[in-house]
Amino acid sequence: QVQLVESGGGLVQAGGSLRLSCAVSDRTFSNYAMGWFRQAPGKEREFVASISTSGRGTYYADSVKGRFTISRDNAKNTMTLEMNSLKPEDTAAYYCARDRISRDSNSDYAPTFRNYYDNWGQGTQVTVSS
């Protein structure tokens, strides 16, 4: 069974930066698009960013575009989210997730809707103070 473990969350002041990591136990990691989602109290889990199997295709929610950068290292089975210029509204539990279907390792597409992901980590809390 695939396992996904997030790390790197914490408390940061507005304008600061954090780097989240997702370690994935998956023998076929390079065949799956990956994504980051977040969920604040009382709100639905929302899309943040996703990345294709090749790493060339990246997608971002409008709310984080220009501030966050998603990347992956298929040799290390890891995915990262660099978060800069953090705002209080970025406060949420952040989850990494794996695409529900296997794709070619050179695909440039990654889904952006949460229903296309079916393997999830336990989340890491990001809190941004004003």
Side-chain angles (χ1 to χ4, degrees):
Q1 185 179 45
V2 63
Q3 291 185 324
L4 302 88
V5 181
E6 303 94 338
S7 62
L11 176 64
V12 65
Q13 293 183 345
S17 300
L18 282 175
R19 183 177 186 268
L20 305 184
S21 296
C22 177
V24 184
S25 177
D26 185 357
R27 296 178 180 178
T28 58
F29 177 73
S30 62
N31 292 113
Y32 286 88
M34 299 289 297
W36 286 99
F37 295 78
R38 66 187 182 187
Q39 187 168 22
K43 299 186 67 177
E44 294 185 348
R45 191 168 300 185
E46 67 176 357
F47 169 76
V48 176
S50 61
I51 187 166
S52 68
T53 57
S54 69
R56 294 188 300 270
T58 57
Y59 305 82
Y60 298 92
D62 289 341
S63 59
V64 306
K65 193 173 298 181
R67 300 188 297 120
F68 292 9
T69 302
I70 190 171
S71 62
R72 67 189 293 161
D73 187 339
N74 286 347
K76 296 182 178 180
N77 279 26
T78 58
M79 177 181 64
T80 64
L81 185 69
E82 296 280 355
M83 304 186 296
N84 299 313
S85 301
L86 283 163
K87 305 174 181 179
E89 50 263 46
D90 294 318
T91 295
Y94 283 71
Y95 300 85
C96 64
R98 193 187 75 167
D99 190 10
R100 70 195 319 175
I101 64 171
S102 178
R103 304 175 189 270
D104 192 275
S105 60
N106 64 2
S107 174
D108 291 339
Y109 172 74
T112 59
F113 187 54
R114 69 171 182 258
N115 285 353
Y116 287 89
Y117 294 84
D118 63 359
N119 289 92
W120 299 83
Q122 293 300 305
T124 185
Q125 180 66 36
V126 172
T127 302
V128 184
S129 63
S130 60

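Between the side chain of R72 and the backbone N or O of S52, at least one donor-acceptor pair lies under 3.5 Å. Panel note: side chain R98, backbone N119; no donor-acceptor pair is recorded below 3.5 Å. The backbone N or O of S107 lies less than 3.5 Å from a partner atom in the side chain of T53, making a donor-acceptor pair.
The side chain to side chain donor-acceptor pair (under 3.5 Å) check on Q13 picks up nothing, with sequence neighbours excluded. Partners of D104 under the salt bridge (charged side-chain N to carboxylate O under 4.0 Å, His left out) rule, at least two apart in sequence or in another chain, do not exist in this structure.
Between the CD atom of Q39 and the CZ atom of R114 there is a distance of 8.0 Å, given to the nearest 0.5 Å. For the atom pair CD1 (I101) and CG (N31), the distance works out to 11.0 Å, reported to the nearest 0.5 Å. If you take CD on E82 and OG on S21, they are separated by 8.0 Å, rounding to the nearest 0.5 Å.
The environment of CD in Q122 is sparse: at most 12 heavy-atom neighbours from other residues, nucleotides or ligands sit within 6.0 Å. More than 12 heavy atoms of other residues, nucleotides or ligands lie within 6.0 Å of CD in E89, so this atom counts as buried by the packing criterion.
Looking at R38 and V64, their side chains come closer than 4.5 Å, going by heavy atoms from C-beta outward. At least one side-chain heavy atom of M34 sits under 4.5 Å from a side-chain heavy atom of L4. Contact annotation: the side chain of E6 never approaches that of L20 to less than 4.5 Å [non-hydrogen atoms, C-beta and beyond]. The closest side-chain heavy-atom distance from S102 to Y32 is below 4.5 Å. Considering only heavy atoms from C-beta on, D108 comes within 4.5 Å of S54 through its side chain.
You'll find the ring centres of W36 and F68 outside the 6.0 Å limit. Checked against the 6.0 Å centroid threshold, F47 and Y59 do not count as a close aromatic pair.
The two residues N77 and D26 make their nearest non-hydrogen contact at ND2-O, 2.8 Å. Taking both residues in full, the closest heavy atoms of T127 and Q125 are given as OG1-NE2, 3.4 Å, listed atom of the first, atom of the second, then distance. Taking every heavy atom of both residues into account, P111 and D99 meet most closely at CG-OD1, 3.6 Å. Across every non-hydrogen atom of L86 and L18, the tightest pair is CD1-N, 3.9 Å.
Cation-pi geometry between R45 and Y95 is met: the NZ or CZ atom falls under 6.0 Å from the ring centre, inside 45° of the normal.
A donor atom on one side chain and an acceptor atom on the other are found under 3.5 Å apart for S17 and N84. Side-chain contact of Y116 with R100: a donor-acceptor pair under 3.5 Å is absent, judged by distance alone. For the 3.5 Å distance criterion, the side chains of T112 and S50 fail to qualify, holding no donor opposite an acceptor.
Screening N74, V24, D73, I70 for a side chain to side chain contact (heavy atoms under 4.5 Å, CB included) with M79, the sole residue that qualifies is I70. Looking at T58, T80, T78 one by one, the single match for side-chain hydrogen bond (donor to acceptor under 3.5 Å, both in side chains) with S71 turns out to be T80.
Salt bridge annotation for D62-K65: present, with a cationic side-chain nitrogen under 4.0 angstrom from a carboxylate oxygen.
Under the 4.5 Å side-chain heavy-atom criterion for grouping Ile, Leu, Val, Met, Phe, Trp and Tyr, Y60 is connected to Y94 within one hydrophobic cluster. A continuous path of Ile, Leu, Val, Met, Phe, Trp and Tyr side chains, each step under 4.5 Å between heavy atoms, connects V48 with M83, placing both in one hydrophobic cluster. F29 is not connected to W120 by any chain of hydrophobic side-chain contacts under 4.5 Å among Ile, Leu, Val, Met, Phe, Trp and Tyr, and they are in different clusters.
Screening residues 30-89 for disulfide bond (SG atoms under 2.5 Å apart) gives no qualifying pairs among residues at least two apart or on separate chains.
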